[in-house]
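Inspection log for the structure reproduced underneath, given as structure tokens.
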There are 2 protein chains.
Amino acid sequence: MTKDKRYQHITKFTVAVDCIVFGFDGTRLKILLVKRGLEPEKGKWSLMGGFVNDNESAETAANRILKSLTGLEGIYLEQYQTFSSPDRDPVQRTISVAYFALIDINKYQESINTDFEAQWFNIKEFPQLIFDHGDMVHLAQKKLQYKAASHTILFELLPEKFTLPLLQSLFEDVFDTSFDKGNFSRKMLSTKLLIKQKEKDKSNSKKGAFYYKLDKKHYQENLHKILKLIPNPNQLL
Amino acid sequence: MTKDKRYQHITKFTVAVDCIVFGFDGTRLKILLVKRGLEPEKGKWSLMGGFVNDNESAETAANRILKSLTGLEGIYLEQYQTFSSPDRDPVQRTISVAYFALIDINKYQESINTDFEAQWFNIKEFPQLIFDHGDMVHLAQKKLQYKAASHTILFELLPEKFTLPLLQSLFEDVFDTSFDKGNFSRKMLSTKLLIKQKEKDKSNSKKGAFYYKLDKKHYQENLHKILKLIPNPNQLL
DNA sequence: ACAAAAGTGTTGCGCCTACACCCATGA
DNA sequence: TCATGGGTGTAGGCGCAACACTTTTGT
């Protein structure tokens with residue numbers, strides 16, 4: 001029963017990649033869904049996905065697929081689970097490697113590919129999806145919370161310049177809670193990851209809130225570190 | 001470029017499952033490796049693995065494979081990454097879904113299947129492995145640390161009755177550090193997960209250390225919760 | 001009696017939360 | 001000048017790490 005004996009008569013499977021693309025519109029955490037163009041399940045919403053080609057890894061396939069949809073390269077991408085239930089795709093047995101992606105929704109707007117009839121949905125109110133894509137989204141949301149509770153990945157969702165109140169509203173929506181603004185501000189600034197800009201955003205208040213940029217260098221160096229960004233990370237996962 | 005158009009001419013792949021089986025012998029964290037019986041790479045060490053069959057999920061396959069090796073069912077199993085580099089298996093393009101498993105090394109001793117020439121190795125000193133199995137082990141170790149820093153999964157490695165000093169030495173080996181025994185004891189007991197037994201283990205000291213059992217009910221209820229078990233979880237992952 | 005490991009007590013520091021307060025500015 | 005959101009200051013408490021101390025018992 002070692003591998004070699006069985007190389008001859010083993011089943012082969014089609015292998016797909018599905019991407020949960022997260023974005024943030026300034027108020028709500030969103031996911032990007034596409035409309036299926038063909039049967040079966042024509043007209044229904046699904047995740048952006050595709051098949052893994054002959055000479056590429058799942059990671060490469062995911063990047064290729066995301067580029068074809070958004071025009072963007074170098075997107076933050078994290079493999080989080082492989083779905084392999086025998087009956088998950090009724091047309092053909094398919095194994096799917098699921099990724100979640102974090103993109104700046106504004107960059108996406110510029111380079112959108114209209115072929116896919118893509119649309120943003122609030123993570124809390126997305127429509128019914130084909131196959132097991134609904135499960136994939138729910139798990140992706142949990143994994144995002146889990147990782148973001150201790151790593152600084154949520155910056156990937158923000159534009160180059162952003163204010164602390166905007167950052168806070170992002171965290172509040174991702175974790176479905178609210179934070180004390182003073183404590184939130186101090187905690188974020190203590191990471192030394194933010195560089196204060198001269199300009200303010202006055203669209204939300206008379207006083208205006210300072211813009212910040214990410215300290216890219218410091219950010220890259222600290223990606224692997226774990227910070228206590230969330231007060232009570234219990235009950236995540 | 002939607003899925004359906006391409007259902008016809010997509011490549012299929014063999015899909016494997018590979019298991020990193022962790023055990024704890026009372027002193028060191030170990031992994032279980034098997035000796036390859038056939039070419040290529042005959043005689044080299046590898047992870048326990050096998051192919052996913054027609055009508056089973058990767059999870060089912062992993063459980064089946066682990067049972068064939070250890071005789072055990074209901075083993076703690078966690079999918080942590082899928083490896084899909086095109087050239088990872090030189091014989092045939094194969095995608096592998098990797099799992100790590102946690103077992104009580106004593107239970108294993110009772111029911112070992114000798115067909116596989118399996119052997120335990122210290123996690124820090126395992127031999128060269130075939131394909132990308134070395135990478136798989138390193139990543140599994142990181143994921144184990146990451147998860148165990150906040151979840152109570154390491155109990156899966158212990159026998160039914162265990163002492164606090166034994167538990168501590170397990171944590172110390174997993175995280176490659178040392179803990180203050182007083183603080184460690186308090187932290188563990190504060191979880192309310194341990195039930196003190198009447199007997200002591202006197203093999204390591206004159207005074208003897210009390211045995212504890214897991215409060216299974218409380219344990220199951222709290223599996224999803226996150227505790228701060230490790231003082232400085234920085235630099236994990 | 002003493003050595004050696006198990007287990008308990010205690011203290012002080014640091015962080016974090018809660019909440020009060022000040023600031024800037026458009027209307 | 002007042003309303004509104006941005007931002008700062010601070011006090012209390014809790015948790016945790018460090019380390020001293022007590023307990024137990026085989027030799």
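Worth saying up front: this structure is predicted, and the values here are computed from it rather than measured.
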Whole-Å distance between [N] [atom2] and [X] [atom1]?
X: A:N183; N: D:dG12; atom1: CG; atom2: P; value: 17 Å
X: A:D201; N: D:dG6; atom1: CG; atom2: C1'; value: 11 Å
X: A:F210; N: D:dG7; atom1: CZ; atom2: C1'; value: 10 Å
X: A:K187; N: C:dC16; atom1: NZ; atom2: C1'; value: 7 Å
X: A:Q197; N: D:dG7; atom1: CD; atom2: P; value: 13 Å
X: A:K181; N: D:dT4; atom1: NZ; atom2: P; value: 13 Å
X: A:F184; N: D:dT8; atom1: CZ; atom2: P; value: 14 Å
X: B:F179; N: C:dA5; atom1: CZ; atom2: C1'; value: 19 Å

Option from B:K142, B:K147, B:M136 for which side-chain contact (heavy atoms from CB on, under 4.5 Å) with B:Y80 holds
B:M136
Testing A:V137, A:N122, A:V21 one by one against A:I31 for a side-chain contact (heavy atoms from CB on, under 4.5 Å), which residue passes?
A:V137
Under-3.5 Å donor-acceptor pair between B:K207 side chain and D:dT23 base
yes
Contacts of B:K200 and A:S185 projected onto DNA chain D by closest heavy atom; the upstream (5') one is A:S185
DNA chain D nearest-nucleotide lookup for A:N204 and A:G182: closer to the 5′ end is A:N204
Is the gap between the ring centers of B:F83 and B:H133 under 6.0 Å?
no
Minimum-distance nucleotide to [X] side chain [options: [options]]:
X: B:P165; options: C:dA6, D:dG7, D:dT4; answer: C:dA6
X: A:R186; options: D:dG26, C:dA6, D:dG9; answer: D:dG9
X: B:D180; options: C:dA18, D:dA18, D:dG6; answer: D:dA18

Does the pair B:E78 and B:K143 meet the rule for a salt bridge (Lys or Arg N to Asp or Glu O under 4.0 Å), with working shown?
CA-CA 10 Å; B:E78 181 162 336; B:K143 294 276 183 179; over 6 Å; no
Could you check A:G208 against B:G208 and say which one's nearest nucleotide on DNA chain C is further toward the 5' end?
B:G208
Taking only N and O in the side chain of A:K202, is any of them less than 4.0 Å away from OP1 or OP2 of C:dG26?
yes
Please walk me through it: do A:D201 and A:T163 pass side-chain hydrogen bond (donor to acceptor under 3.5 Å, both in side chains)?
CA-CA 7 Å; A:D201 166 35; A:T163 64; 4.7 Å; no
